[in-house]
Amino acid sequence: MSLADLSITEAAAGRRSGDHSFVDLFDAVLTRANHTEAQLHCYLVIDHRGARAAAETADGELSAGTDRGPLHGIPIAIKDNMNIDGLETTCASQILSGWVAPYDAHVITRLKEAGAVLVGKTNLDEFAMGSSTENSSYGATRNPWDTTRVPGGSSGGSAASVAVGSSFAALGSDTGGSIRQPGSLCGVVGLKPTYGTVSRRGLVAFSSSLDQIGPLARNVEDSRILLEAIWGHDPGDATSWNGDYPDISAPRVDLRGLRVGVIDQLSGDAFEEAVSDATRSVLDGLSDEGAEVGEVSLPGFDVALAAYYLVAPAEASANLARFDGVRYGLREDGATSEEMMRVTRATGFGPEVLRRILLGTFSLSAGYHDAFYGQAQRIRTHLTAEMNRAYEEYDVLVSPTSPTTAFELGARTADPLSMYFSDVATAPSNLSGHPAISVPVGLDEGGLPIGFQILAPAFGEERMFAVAAEVERLVGFDTRPVLAAELA
Amino acid sequence: MTRWLALTLANVMRQGTSLCRAMAIEIDIAHVARLARLDLDEDQLAHYGAQLDAIVAYAAEVQAVDTSDIPEMSHPMGMENSFRDDVVVPSLDRDQVLEMAPAQEDGAFLVPPSLGDEAEEGDES
């Protein structure tokens with residue numbers, strides 16, 4: 001087994017017992033990347049020099065007696081919509097090509113303080129808009145379980161790199177499912193914490209009332225370690241939660257009597273048979289251990305995706321107004337300032353970004369604002385109240401993470417709506433701001449991973465992690481992607 | 001396209017389209033592109049216009065919910081304004097910021113003229 005296949009806790013323990021150095025861990029990850037990048041394209045850039053220096057520093061510090069904790073010396077990948085001082089942040093867009101970030105995102109500061117080794121920047125759908133990582137202007141990322149298929153998106157580069165072992169864990173951002181859905185399609189754990197609990201200073205904004213940074217990791221404990229390192233109040237982000245945070249240091253739950261609500265709206269014909277079967281099998285396992293599993297109908301979920309595709313593009317159209325060729329990024333020629341802006345924006349943004357800016361501009365325009373954006377924001381209030389009522393009867397809600405396993409490249413690119421349906425099970429948690437986690441629970445007949453989603457009330461991360469760990473234990477999913485298994 | 005997707009899409013398109021007709025939505029895509037400051041040619045306008053028709057028809061599903069007594073959500077956790085002390089804190093260096101700009105001069109961002117022939121013709125709306 002390669003060092004690149006260890007969990008974070010195993011890698012951390014091995015360093016402290018003298019089995020390997022942090023530089024060895026980085027070398028293992030780099031070797032894995034060298035063997036897989038040509039096929040997968042997880043990274044837009046690998047920071048060879050910076051990461052090696054960080055690994056050497058980490059070794060030196062630990063040897064000198066300074067132990068920064070469980071992430072000390074661990075190689076972590078970062079989605080390329082978060083700033084690392086001195087490295088390019090492209091958002092996989094031509095409009096930001098060549099732009100070097102002048103400061104660290106808050107999460108990067110936190111990871112550096114924790115001693116993590118930042119391997120590089122991972123591929124994504126342009127400005128995090130997409131569900132397959134095919135919308136990157138630097139080329140698609142492929143799924144390590146089957147390279148003819150997509151890794152999901154938009155954090156597809158992060159998810160694929162964690163799955164194949166070219167990082168130990170990664171950060172992604174989740175606006176409508178962009179951490180959980182690629183986590184599901186790549187067979188890794190992905191989670192979106194409660195809105196506002198991870199600072200977004202230094203994350204390029206897509207949809208400000210929905211965006212949330214979170215971890216992708218190979219098991220529940222590793223993802224917990226990563227979240228614990230990055231969350232907490234930051235005065236540098238006006239939406240950062242400034243109240244109490246739950247204690248997630250040692251999540252535990254007794255499955256006996258745990259009330260599990262299966263969301264009725266996220267089942268049936270719209271979900272592949274293998275996905276439904278795997279979900280049923282997890283629920284049977286929970287029942288066998290004494291959990292009370294019941295079905296809960298949440299009609300708000302029927303219109304949640306429609307509301308999502310009004311709110312997210314509307315906010316994106318406002319957020320992306322800043323890319324105007326004046327202060328940074330691409331500039332095309334124009335006789336007037338406005339012509340320069342119009343040509344720059346039409347040239348620099350790719351098709352999906354243009355589509356969402358147009359959609360968002362329309363839904364905010366005079367005469368339609370209240371019927372579309374306003375109505376969608378009222379539906380969020382309605383949906384959240386409905387979910388909160390469900391939590392009076394159930395401790396957690398569950399569903400499949402994605403209606404399907406990984407689809408083939410190109411299968412949904414011609415039809416935006418078919419791509420949008422990838423988010424049907426994940427977007428509601430962004431609308432409500434609640435936390436949710438995807439845990440791998442099996443493979444379909446084609447050997448593609450299936451994810452199981454656990455939703456919890458606001459600030460219910462302790463319960464979410466505890467149930468996720470129980471599901472992980474029950475299922476015992478420890479299969480690795482073909483590519484990683486060949487190299488192990 | 002898989003079977004489920006076809007089923008689901010057919011279903012929502014049917015509902016969405018009827019609602020859309022009920023609202024008599026007509027998207028003036030050239031106007032929307034102007035508002036969004038996007039220089040798109042006729043082919044692009046036709047392409048995105050058709051896609052927007054389909055997406056908006058689907059999104060019009062939200063009209064099916066009676067929300068007359070429901071307030072709009074702004075912050076999912078209900079957080080109100082976030083204030084900090086009114087004190088000066090370090091910010092990015094001006095030269096460093098200007099260094100990132102496509103064009104700069106004498107400590108300022110340099111842009112083409114604001115008024116040109118087009119603007120004088122009153123083409124903006």
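This structure is a prediction, so every number in the text was calculated from the model and none was measured. The figures here come from the full heavy-atom set of this structure, side chains too, leaving out hydrogens, waters and symmetry mates. So you know, we letter chains A, B, ... as the sequences are listed, proteins then strands, and number each from 1.
Taking CE from B:Met73 and NE2 from A:His382, the interatomic distance works out to 11.5 Å, rounded to the nearest 0.5 Å. Residue A:Asn242 holds its CG atom at 11.5 Å from CZ of B:Phe83, rounded to the nearest 0.5 Å. Interatomic distance, CZ of B:Arg37 versus CG of A:Leu320, reported as 15.0 Å (0.5 Å rounding). Atom CG of A:Leu358 and atom CD of B:Gln44 lie 9.5 Å apart (nearest 0.5 Å). Here the CG atom belonging to B:Leu35 is positioned 10.5 Å from the CG atom belonging to A:Leu364, to the nearest 0.5 angstrom. Summarising the geometry, atom CD1 belonging to B:Ile70 is positioned 8.0 Å from atom CD1 belonging to A:Ile379; distances are rounded to the nearest 0.5 Å.
Looking at A:Leu305 and B:Tyr58, their side chains come closer than 4.5 Å, going by heavy atoms from C-beta outward. Using a 4.5 Å heavy-atom cutoff, the side chains of A:Glu339 and B:Asp39 are not in contact.
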CA sep, side-chain torsions, deciding dist, call: B:Val56, A:Phe372, side-chain contact (heavy atoms from CB on, under 4.5 Å): CA-CA 9 Å; B:Val56 170; A:Phe372 285 107; 3.8 Å; yes
Verdict with reasoning, A:Thr239 to B:His75, per side-chain contact (heavy atoms from CB on, under 4.5 Å): CA-CA 8 Å; A:Thr239 61; B:His75 187 293; 4.3 Å; yes
Test side-chain contact (heavy atoms from CB on, under 4.5 Å) applied to B:Leu98 and A:Arg327, step by step: CA-CA 7 Å; B:Leu98 286 167; A:Arg327 289 158 299 163; over 6 Å; no
Full working for side-chain contact (heavy atoms from CB on, under 4.5 Å) between A:Asp370 and B:Glu72: CA-CA 10 Å; A:Asp370 188 64; B:Glu72 289 181 25; 4.2 Å; yes
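Neither the backbone nor the side chain of A:Tyr309 comes within contact range of chain B, judged by heavy atoms closer than 4.5 Å. Only the side chain of B:Leu52 comes within less than 4.5 Å of a heavy atom of chain A; its backbone N, CA, C and O stay farther away. Only the backbone of B:Leu110 comes within contact range of chain A, with heavy atoms under 4.5 Å apart. In this structure, the portion of A:Ala335 lying under 4.5 Å from any heavy atom of chain B is its backbone and not its side chain. Looking at A:Phe407, neither its backbone nor its side chain comes within 4.5 Å of chain B, counting heavy atoms on both sides. For A:Val311, no part lies under 4.5 angstrom from a heavy atom of chain B. Heavy-atom distances place no part of A:Asp324 under 4.5 Å from chain B, backbone and side chain included. Proximity to chain B (any heavy atom under 4.5 Å) is restricted, for A:Ser240, to the backbone atoms N, CA, C and O. Heavy atoms closer than 4.5 Å to chain A are found in both the backbone and the side chain of B:Leu38. Interface remark: A:Pro351 contributes backbone and side-chain atoms alike to the contact with chain B (heavy atom separation under 4.5 Å). Looking at A:Tyr308, neither its backbone nor its side chain comes within 4.5 Å of chain B, counting heavy atoms on both sides. Heavy atoms closer than 4.5 Å to chain A are found in the side chain of B:Met79, but not in its backbone.
Ranked by heavy-atom pairs shorter than 4.5 Å toward chain B, the options A:Arg380, A:His434, A:Glu408 are led by A:Arg380. Interface remark: of the candidates B:Arg84, B:Gln51, B:Gln96, B:His47, B:Gln51 forms the most heavy-atom pairs closer than 4.5 Å to chain A. Interface check for chain B: of the options A:Thr347, A:Val326, A:Asp333, the most heavy-atom pairs under 4.5 Å are formed by A:Val326. Counting heavy-atom pairs under 4.5 Å between each of A:Ala346, A:Ser337, A:Gly243, A:Gly433 and chain B puts A:Ser337 at the top. Of the listed residues (A:Val343, A:Leu359, A:Thr384), the greatest number of heavy-atom pairs within a distance under 4.5 Å of chain B belongs to A:Leu359. In terms of heavy-atom pairs under 4.5 angstrom with chain A, the leader among B:Pro102, B:Ser82, B:Ala103 is B:Pro102. When each of B:Ala33, B:Pro71, B:Pro112 is checked for heavy-atom pairs under 4.5 Å with chain A, B:Pro112 comes out on top. If you tally non-hydrogen atom pairs under 4.5 Å between each of A:Gly98, A:Pro416, A:Ala458, A:Gly196 and chain B, the highest count goes to A:Pro416.
Between B:Met77 and A:Thr194 the shortest heavy-atom distance is SD-CG2, 3.7 Å. Between B:Val62 and A:Ala371 the shortest heavy-atom distance is CG2-O, 4.2 Å. For the residue pair B:Ser114 and A:Thr336, the shortest heavy atom distance occurs at O-CB, 4.3 Å. The two residues A:Arg331 and B:Val111 have their closest heavy-atom pair at NH2-CG1, 3.8 Å. Here the closest heavy-atom approach between residue B:Pro76 and residue A:Ser209 is recorded as CG-O, 3.5 Å. Shown here for A:Asp302 and B:Glu61, the closest heavy-atom pair between the two residues is O-OE2, 3.7 Å.
Other residues, nucleotides and ligands place more than 12 heavy atoms under 6.0 Å from the CG atom of B:Asp93. Within 6.0 Å of atom CG in B:Asp69, 12 or fewer heavy atoms from other residues, nucleotides or ligands are found, so the atom counts as exposed in its surroundings.
With ring centers used as reference points, A:Phe362 lies 6.0 Å or more from B:Tyr48.
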